[in-house]
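What follows is a single structure, written as structure tokens, with notes after it.
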Amino acid sequence: MISFANDYAQGAHPKVLQRLAETNLEPLAGYGEDKYCESTKSKIRALCGCPDAEVELLVGGTQTNAVVISSMLRSCEGVVAAETGHVSSHEAGAIEFTGHKVLTLPQREGKLAADTLKKYLSEFYADENHEHMVFPGMVYISHPTEYGTLYSRGELRDLARVCRTYNMPLYLDGARLGYGLMSRGTDVTLRDIAECCDVFYIGGTKVGALCGEAVVFAGGSKPKHFMTIVKQRGALLAKGRLLGVQFDALFTDGLYFELSRHAIDMAERLKELFRSRGVEFFIESPTNQQFVVLENSKLDALRQRVAVSVWQKLNGTHTVVRFATSWATTAEDIAALAELL
């Protein structure tokens with residue numbers, strides 16, 4: 001079976017596993033206070049050009065979103081997100097479970113536009129009854145989005161400007177951030193993200209780690225007693241070394257960016273293959289997630305040999321299907337798919 005189902009089907013990159021094995025018997029401090037976690041944090045601060053940033057390591061994306069969002073909101077506040085945002089659609093109500101509403105807004109190619117956000121906030125505060133409503137307390141975006149699309153530097157700055165006007169933190173979900181940063185033609189860098197966002201995370205789970213997300217709080221945005229809140233939510237690892245060692249390996253000699261670039265190269269090959277076979281694209285994605293439209297009988301036959309994600313039913317006869325490449329995708333995988341198409 002060839003897998004294009006997601007970007008976390010394989011375990012971890014061999015260099016990450018090697019470092020875990022090499023450090024396995026070292027006695028280290030717990031709860032993320034070991035030397036590898038500290039090394040990781042220093043490397044991330046340098047890459048972000050943000051020496052005062054505070055970095056915390058958590059295990060998974062949904063867990064990270066729930067902990068970060070709930071810790072930064074007051075009890076009467078909700079988080080604003082695109083209607084297709086991950087917290088709005090594919091996290092099983094994790095944010096609502098913490099007692100906070102997800103306030104959804106219309107999207108454009110998976111993205112939340114600054115003018116949409118500004119209009120919503122303006123109308124909210126103009127409503128004489130807004131004291132009786134859930135207050136918009138922060139803004140959530142992801143980069144790449146659920147549709148593999150990317151924000152431009154200008155779009156991020158515009159969103160940040162609106163957020164700062166209304167004194168709201170801007171939070172960026174970076175589960176696939178490496179794939180966004182290495183996408184061909186993007187003008188967004190890690191430093192741009194650190195400049196525009198109050199908090200964001202660098203995803204490891206989908207970019208070569210067994211698990212792990214590195215949360216970056218910029219500009220003094222980290223909530224008080226954050227570690228205690230993480231523990232309260234059942235999200236604090238006693239063996240925090242497991243996260244520190246992995247991220248330290250990923251940020252040694254540019255491995256994280258090398259793996260991300262490889263996935264983009266494979267996605268470009270995949271796009272060329274689809275075009276050569278006349279396959280229709282549902283949306284143009286510059287990242288590792290590619291969305292195509294397949295006739296249902298063709299999809300059924302393909303799934304006998306290829307793992308893919310069914311995204312949505314387009315109509316009675318056609319389905320939108322996601323093919324995801326990753327750090328582990330090979331040229332042989334693309335060639336095998338070509339034979340089946």
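Just the heavy atoms: all of them, side chains too, but no hydrogens, waters or symmetry mates, feed the values below.
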- Message: Tell me the closest heavy-atom pair linking Tyr147 and Thr84, and the distance in Å.
- Response: CE1-CG2, 3.8 Å
- To the nearest 0.5 Å, tell me how far Cys50 SG sits from Ile193 CD1. 12.5 Å
- Any luck finding a side-chain donor-acceptor pair between Asp300 and Ser297 under 3.5 Å? no
- From Asp198 CG over to Cys163 SG, what is the distance, rounded to the nearest 0.5 angstrom? 7.5 Å
- Message: Is there a path of hydrophobic side-chain contacts, each under 4.5 Å between heavy atoms, that joins Leu112 and Ile283?
- Response: no
- Give a yes or no answer on whether the side chain of Thr287 reaches the backbone of Gly148 with a donor-acceptor pair at less than 3.5 Å. yes
- Query: Do Leu243 and Thr40 come within less than 4.5 Å of each other through their side chains, counting heavy atoms only?
  - Reply: no
- Value for CD (Glu213) from CZ (Phe200), rounded to nearest 0.5 Å, stands at 13.5 Å
- Show the numbers, then the answer: is there a side chain to side chain contact (heavy atoms under 4.5 Å, CB included) between Lys41 and Glu56? CA-CA 8 Å; Lys41 293 175 183 182; Glu56 298 291 340; 4.3 Å; yes
- Verify side chain to side chain contact (heavy atoms under 4.5 Å, CB included) between Thr145 and Glu109, making sure each step is shown before the conclusion. CA-CA 8 Å; Thr145 69; Glu109 295 188 338; over 6 Å; no
- Item | Single-linkage hydrophobic cluster, 4.5 Å side-chain cutoff, Leu156 and Leu117 together | yes
- Query: Applying the 4.5 Å side-chain criterion to the ILVMFWY set and letting contacts propagate, would Ile44 and Val188 be lumped into a single cluster?
  - Reply: yes
- Task: Give a yes or no on whether Asp115 atom CG has more than 12 heavy-atom contacts from other residues, nucleotides or ligands under 6.0 Å away.
- Result: yes
- Lys101, NZ atom: more than 12 neighbouring heavy atoms under 6.0 Å: no
- Query: Is there a donor-acceptor contact under 3.5 Å from the side chain of Asp192 to the main chain of Thr189?
  - Reply: yes
- Message: Quick one: does any side-chain atom of Thr149 pair with a main-chain N or O of Ser285 as donor and acceptor, under 3.5 Å?
- Response: no
- Message: For the residue pair Glu26 / Tyr36, report whether a side-chain donor-acceptor contact shorter than 3.5 Å exists.
- Response: yes
- Message: For Thr62 and Asn65, which I'm curious about, is there any donor-acceptor pair between the side chains at under 3.5 Å?
- Response: no
- Query: Do the side chains of Arg191 and Glu195 get nearer than 4.5 Å, heavy atoms only?
  - Reply: no
- Message: For a side chain to side chain contact (heavy atoms under 4.5 Å, CB included) check, start with the C-alpha distance between Leu17 and Leu210, then their side-chain angles and the critical distance, and finish with the verdict.
- Response: CA-CA 8 Å; Leu17 291 178; Leu210 284 172; 4.1 Å; yes
- Item | Spacing of Lys43 atom NZ and Asp248 atom CG [to the nearest 0.5 Å] | 3.5 Å
- Message: Ignoring hydrogens and geometry beyond distance, is a side-chain donor-acceptor pair present between Asn288 and Thr325 at under 3.5 Å?
- Response: no
- Message: If you define the side chain from C-beta out and look only at heavy atoms, does anything of Cys196 sit under 4.5 Å from Arg157?
- Response: yes
- Query: Looking at Leu159 and Ala113, what are the two nearest heavy atoms and their distance?
  - Reply: CD2-C, 4.1 Å
- Query: With a 4.0 Å cut-off, would you call Glu22 and Arg19 a salt bridge?
  - Reply: yes
- Same hydrophobic cluster for Phe97 and Ile229, using side-chain heavy-atom links shorter than 4.5 Å among ILVMFWY? no
- Salt-bridge present (Arg161, Asp158; N to O < 4.0 Å): yes
- Message: Tell me whether the count of non-hydrogen atoms from other residues, nucleotides or ligands lying under 6.0 Å of CD in Gln312 goes above 12.
- Response: yes
- Check which hydrophobic residues are tied to Ile95 through side-chain heavy-atom contacts below 4.5 Å, counting indirect links as well, and list them. Tyr31, Leu58, Val67, Val68, Ile69, Met72, Leu73, Val79, Val87, Val102, Met138, Tyr140, Tyr171, Val199, Tyr201, Val215, Phe217, Phe226, Met227, Val230, Leu236
- If we only count heavy atoms from C-beta on, is the Met182 to Leu259 side-chain gap below 4.5 Å? no
- Note on the structure: Closest heavy-atom pair, Glu146 versus Ser89, reported as atoms and distance to 0.1 Å, is OE1-OG, 4.3 Å
- Message: Once rounded to the nearest 0.5 Å, what's the spacing between atom NZ of Lys271 and atom CD of Glu268?
- Response: 4.0 Å
- Please indicate whether Asn315 has more than 12 foreign heavy atoms, meaning atoms of other residues, nucleotides or ligands, lying under 6.0 Å from its CG. yes
- Query: So Tyr120 and Phe124, would you call those rings parallel, tilted or perpendicular, with 30° and 60° as cut-offs?
  - Reply: tilted
- Query: When clusters are formed from ILVMFWY side-chain contacts under 4.5 Å, directly or step by step, what else is grouped with Phe4?
  - Reply: Ile2, Met266, Leu270, Leu273, Phe274, Val279, Phe281, Val292, Leu294, Leu299, Leu302, Val306, Val308, Val310, Val321, Phe323, Ile334, Leu337, Leu340, Leu341
- Message: I need the minimum non-hydrogen distance between Leu150 and Pro286, along with the two atoms involved.
- Response: CD1-CG, 3.8 Å
- Task: Measure the acute angle between the ring planes of His143 and Tyr151, then classify it against the limits of 30° and 60° as parallel, tilted or perpendicular.
- Result: tilted
- Message: Are His318 and Glu280 packed together at the side-chain level, in the sense that at least one heavy-atom pair is separated by less than 4.5 angstrom?
- Response: no
- When every non-hydrogen atom of Val80 is compared with those of Pro136, the smallest separation belongs to CG2-CB, 3.6 Å
- Message: Counting only heavy atoms not in His225 (residues, nucleotides, ligands), do more than 12 fall under 6.0 Å from its NE2?
- Response: no
- Message: Side chains of Thr329 and Asp7, heavy atoms from C-beta outward: is any pair under 4.5 Å?
- Response: no
- Item | Least distance between heavy atoms, Gly110 atom then Ala82 atom | O-CB, 4.2 Å
- Query: Does Asn6 reach the side chain of Arg322, with side-chain heavy atoms less than 4.5 Å apart?
  - Reply: yes
- Message: side chain to side chain contact (heavy atoms under 4.5 Å, CB included), that's the test. Do Glu83 and Ser88 meet it? Break it down for me.
- Response: CA-CA 6 Å; Glu83 58 195 354; Ser88 314; 5.8 Å; no
- Message: Counting C-beta onward and ignoring hydrogens, is there a side-chain heavy-atom pair between Trp327 and Tyr179 closer than 4.5 Å?
- Response: yes
- Item | Hphob cluster co-occupancy, Ile264 + Tyr256, side-chain heavy atoms under 4.5 angstrom | yes
- Item | Stepwise salt bridge (charged side-chain N to carboxylate O under 4.0 Å, His left out) check, Asp34 with Arg241 | CA-CA 6 Å; Asp34 61 273; Arg241 62 189 291 156; over 6 Å; no
- Item | Donor-acceptor under 3.5 Å (His100 side chain, Glu77 main chain) | yes
- Message: Counting only heavy atoms not in Arg275 (residues, nucleotides, ligands), do more than 12 fall under 6.0 Å from its CZ?
- Response: yes
- Message: Under the criterion salt bridge (charged side-chain N to carboxylate O under 4.0 Å, His left out), I'd like the reasoning laid out for Arg261 against Glu258: C-alpha separation, chi angles, the key distance, then a yes or no.
- Response: CA-CA 5 Å; Arg261 188 180 299 109; Glu258 176 187 325; over 6 Å; no
- Query: Could you give the distance from CG (Leu28) to OG1 (Thr23), rounded to the nearest 0.5 Å?
  - Reply: 7.0 Å
- Message: For a quick check under 3.5 Å, do Ser71 and Lys222 share a side-chain donor-acceptor pair by atom type?
- Response: no
- Item | Arg269 CZ: over 12 foreign heavy atoms closer than 6.0 Å | no
